[in-house]
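Numbered from 1 within each chain, the chains take letters A, B, ... in sequence-line order. From a predicted model like this one, the values you see are computed outputs, not experimental measurements.
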Amino acid sequence: MGLLDRIKQGLKKTAQILQTDIRDLFKTRGRLVDQAFLDELFEVLVRTDMGVQAAQQLVDQIAQKYRNRVIEWSEAIEEIKKGLKDLLRQPESPIRFASQGPTVIMVCGVNGCGKTTTIAKLAYMFQSQGKKVLLGAADTFRAAAVEQLSIWAQRLGVEIVTGPQGSDPAAVGHRAVARAIETQADVCIVDTAGRLQTHQNLMRELSKIHRVLGKQIPEAPHEVLLVLDATTGQNGISQAKHFSEAVKCTGLVLAKLDGTAKGGVVVAIRQQMGLPVKFVGVGEKPEDLLPFDADSFVDAMFAES
Amino acid sequence: MFEKLQAGLYEAIRTLAGQGKLTESNMREGLRLVQQALLEADVSLPVVKAFIEKVSQEALGERVMRSLRPTQQLLTIVYEQLVALMGPVDHDLHLKPSGSTIMLCGLQGSGKTTTAAKLGRYLQQRGYKPMLVAADLQRPAAIEQLQILGEKIGAPVYVEKGATDPLVVCRNALRQMPALGANVAILDTAGRLHVDQALMNQLAAIDRLIQPDQVYLVVDAMTGQDAVNSARAFHEALTLNGVILTKLDGDARGGAALSVKYVTGVPIKFIGTGEGTDALEEFHPERIASRILGQGDLMTLIEQA
Ligand SMILES: Nc1nc2c(ncn2[C@@H]2O[C@H](COP(=O)(O)OP(=O)(O)OP(=O)(O)O)[C@@H](O)[C@H]2O)c(=O)[nH]1
Ligand SMILES: Nc1nc2c(ncn2[C@@H]2O[C@H](COP(=O)(O)OP(=O)(O)OP(=O)(O)O)[C@@H](O)[C@H]2O)c(=O)[nH]1
Ligand SMILES: [Mg+2]
Ligand SMILES: [Mg+2]
């Protein structure tokens, strides 16, 4: 299956809902663009979790161009798509690989957002690119977090560095990088415990892990991925802000996009912070990870199913 | 975000200050701002609309303009209606002395397994003898996670190694309840998407066979607009008895509380306020209403107006 098809499939439910919503506004072929129309359009957009600000911006674009005119379905949809694509457009940003030695990737996020599973998916992806992967289980806090990542490591056949429950997560990170250098791994992915961004001591702990990862390889971590649950609403913005302050995130992974949540909060995050979305998660299996592409993402959101 | 809501409400109140009475026209702008503020708090749109409708009815009704100034009056009504929509509370777990079953369900990563242990502890403190049942056979190390948590609270954990059917595990667990010296079984089910028909059917099958005394939906407090869709689907499949809202120890405003209560009508029983097994509190709508509104600060603002 092609990339666009995969994304389309993942977003099918989303697209259906969004489309019926917008379609409903066009009971007849064209409709007068008046305040009632704009309000309804605003509602459709807000329901994606993109937030009031982004939704308003898109509605204003439509208003400016079409107010008091009759508009066709295809015109409105093209206009909205264009607005969204402009908002989400980003330079081609794959993983920044180290010029030599292991590429270190740190994965962080709030509790239960999908970090550990995303790491399994990333490992699988790198493996299929012929790269040698090593995992660092630096969530030494949550019950059976190490076991969870170890099971994935075993299933995928990659080496994992662990530490005892309750031990210093930064030390595990340090050993993971050392082992990656020693075994000449191409990629070293480090898992971290879930934490809410307002818990300052836990955020300091995260900064420390980040610092320690750079001890043996000055450039490391080369990527700091913030995993975001697609069902997350406006709190996602706070997550992006606080995690970026603590560890300077390089990109987002939007997990659990296979439900009916639209993940629109990435629009707001992109708009307010410029953080690019690098991957989307569309299931619980290792192959359920797709590189994010703004155009196909938006097209898939509005595509005919 | 708090600031935003407060600013919105403050603005709403300011526009009303010094005006004789609440009329449809002088409330319009204020209510629009309240609407925007609720959306920023992640209350789902249909719920926001119903809420605004209710508030404006109340405001125009008989109770208006007795002793309060219009500014105070609108705020009081907004607050009262928030509390009314999220209530009434029912902290009783409705357990039978002869032996009861509580089933936890919800989306992936919402906090079910952690909540199972928290509930176990809560029940122990009230003289019950809970046991935890490992009915998540899907997530890697889900069983180990529950075992560790069970050990932590000193409750037996029913586990069937190598089992593939959660229904069988649940049925066997209940048969073992007396032998394990327990009188409440807490079923930890696998996380699932509400659109995953196969897994929803599986959950419904467990529900039919086991007939749990209480079925609780575990909801992440950071959930955005999609809260109404998932909650409705779980309620349709299972007929929920209660809702547990997790991860309220962060800065999520918890608008999902309002949404979920609105679409299911079932009481919110508990809130989760941390990762520890004692971080479970009974739900009080007044507290969440204040949280959504930032009440304390708002009152100060009004007095200054
Ligand atoms: N449907 C779906 N489920 C997912 C996806 N990604 C992760 N999950 C599930 O979400 C749940 C939580 O995932 P984890 O990877 O354990 O999340 P985490 O962020 O590591 O959690 P903590 O370490 O406890 O903070 C698990 O049940 C995963 O199987 C996805 O893209 N789609
Ligand atoms: N801060 C905080 N974290 C919580 C709370 N409740 C659960 N968690 C964390 O959220 C993450 C997910 O919790 P789990 O109990 O594994 O969630 P689950 O619903 O069982 O996940 P799946 O079985 O994968 O669907 C873990 O990191 C928990 O420690 C809470 O109230 N506050
Ligand atoms: Mg994890
Ligand atoms: Mg679980």
Side-chain angles (χ1 to χ4, degrees), chain A residues 13 17 42-44 46-53 55-56 110-117 120 141-152 154-155 165 193-199 229-239 242 255-256 258-265 283-284, chain B residues 1 4 35-37 39-46 48-49 107-114 117 138-152 191-196 220-230 233 246-256 274-275:
Chain A
K13 298 249 155 47
I17 287 170
F42 174 78
E43 289 177 7
V44 169
V46 153
R47 284 174 56 184
T48 67
D49 282 319
M50 69 170 62
V52 171
Q53 210 182 318
Q56 194 60 56
V110 296
N111 307 82
C113 61
K115 295 174 292 299
T116 306
T117 312
F141 178 74
R142 209 210 63 215
V146 175
E147 287 83 344
Q148 186 186 358
L149 193 64
S150 298
I151 289 173
W152 280 120
Q154 197 186 356
R155 283 186 195 167
Q165 177 80 16
R195 66 200 76 220
L196 299 185
Q197 69 277 14
T198 49
H199 292 242
D229 186 325
T231 61
T232 305
Q234 300 310 294
N235 191 255
I237 299 163
S238 166
Q239 292 169 29
H242 285 89
K256 310 186 197 174
D258 43 330
T260 52
K262 301 164 183 78
V265 69
E284 298 181 79
Chain B
M1 304 260 257
K4 215 164 192 177
Q35 158 155 345
Q36 176 167 339
L39 287 173
E40 297 279 3
D42 286 324
V43 181
S44 299
L45 185 74
V48 172
K49 291 177 79 175
L107 298 175
Q108 285 96 341
S110 59
K112 296 172 293 299
T113 307
T114 311
Q138 243 172 282
R139 167 173 168 168
I143 294 176
E144 289 81 352
Q145 186 187 1
L146 196 68
Q147 279 177 316
I148 292 170
L149 292 169
E151 206 166 298
K152 207 169 257 175
R192 65 201 76 217
L193 290 173
H194 56 291
V195 288
D196 188 329
D220 187 323
M222 296 176 280
T223 313
Q225 295 291 321
D226 205 42
V228 284
N229 298 322
S230 51
T246 63
K247 309 181 198 173
L248 267 166
D249 43 323
D251 61 355
R253 297 261 298 288
E275 297 189 70

At what distance, to the nearest 0.5 angstrom, does [atom1] of [X] lie from [atom2] of [Y]?
{"X": "B:Q145", "Y": "A:R142", "atom1": "CD", "atom2": "CZ", "result": "4.5 Å"}
{"X": "B:I148", "Y": "A:Q165", "atom1": "CD1", "atom2": "CD", "result": "6.0 Å"}
{"X": "A:E43", "Y": "B:Q225", "atom1": "CD", "atom2": "CD", "result": "10.5 Å"}
{"X": "A:K256", "Y": "B:D226", "atom1": "NZ", "atom2": "CG", "result": "12.0 Å"}
{"X": "B:L193", "Y": "A:T231", "atom1": "CG", "atom2": "OG1", "result": "9.5 Å"}
{"X": "B:T223", "Y": "A:D229", "atom1": "OG1", "atom2": "CG", "result": "7.5 Å"}

Where does [X] contact chain B at under 4.5 Å (heavy atoms): side chain, backbone, both or neither?
{"X": "A:V265", "answer": "neither"}
{"X": "A:Q56", "answer": "neither"}
{"X": "A:Q239", "answer": "side chain"}

Should B:R253 and A:N235 be marked as a side chain to side chain contact (heavy atoms under 4.5 Å, CB included) after you check the CA-CA gap, both sets of side-chain angles, and the distance that decides it?
CA-CA 8 Å; B:R253 297 261 298 288; A:N235 191 255; over 6 Å; no
So what's closer than 4.5 Å to chain A heavy atoms on [X]: side chain, backbone, both or neither?
{"X": "B:L45", "result": "side chain"}
{"X": "B:K152", "result": "neither"}
{"X": "B:D249", "result": "both"}
{"X": "B:L107", "result": "side chain"}

A:N111 and B:K247: side chain to side chain contact (heavy atoms under 4.5 Å, CB included), yes or no, with the steps?
CA-CA 8 Å; A:N111 307 82; B:K247 309 181 198 173; 4.3 Å; yes
Step by step, work out the side chain to side chain contact (heavy atoms under 4.5 Å, CB included) result for A:Q148 and B:R139.
CA-CA 8 Å; A:Q148 186 186 358; B:R139 167 173 168 168; 3.1 Å; yes
Applying side chain to side chain donor-acceptor pair (under 3.5 Å), can you list everything that pairs with B:S230, at least two apart in sequence or on another chain?
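Result, side chain to side chain donor-acceptor pair (under 3.5 Å) vs B:S230: none returned.
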Between B:Q147, B:M222, B:E144, which has the largest tally of heavy atom pairs under 4.5 Å with chain A?
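Of the candidates given, the most pairs with chain A belong to B:M222.
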Test log, rule side-chain hydrogen bond (donor to acceptor under 3.5 Å, both in side chains), inputs A:S238 and B:D251
CA-CA 8 Å; A:S238 166; B:D251 61 355; 2.6 Å; yes
Which atoms form the tightest heavy-atom contact between A:G259 and B:V195, and what is the distance?
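Distance-wise, the nearest heavy atoms are CA-CG2, 4.1 Å.
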For A:I151 and B:P140, which heavy atoms make the closest approach, and how far apart are they?
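The pair with the smallest heavy-atom distance is CG2-CB, 3.9 Å.
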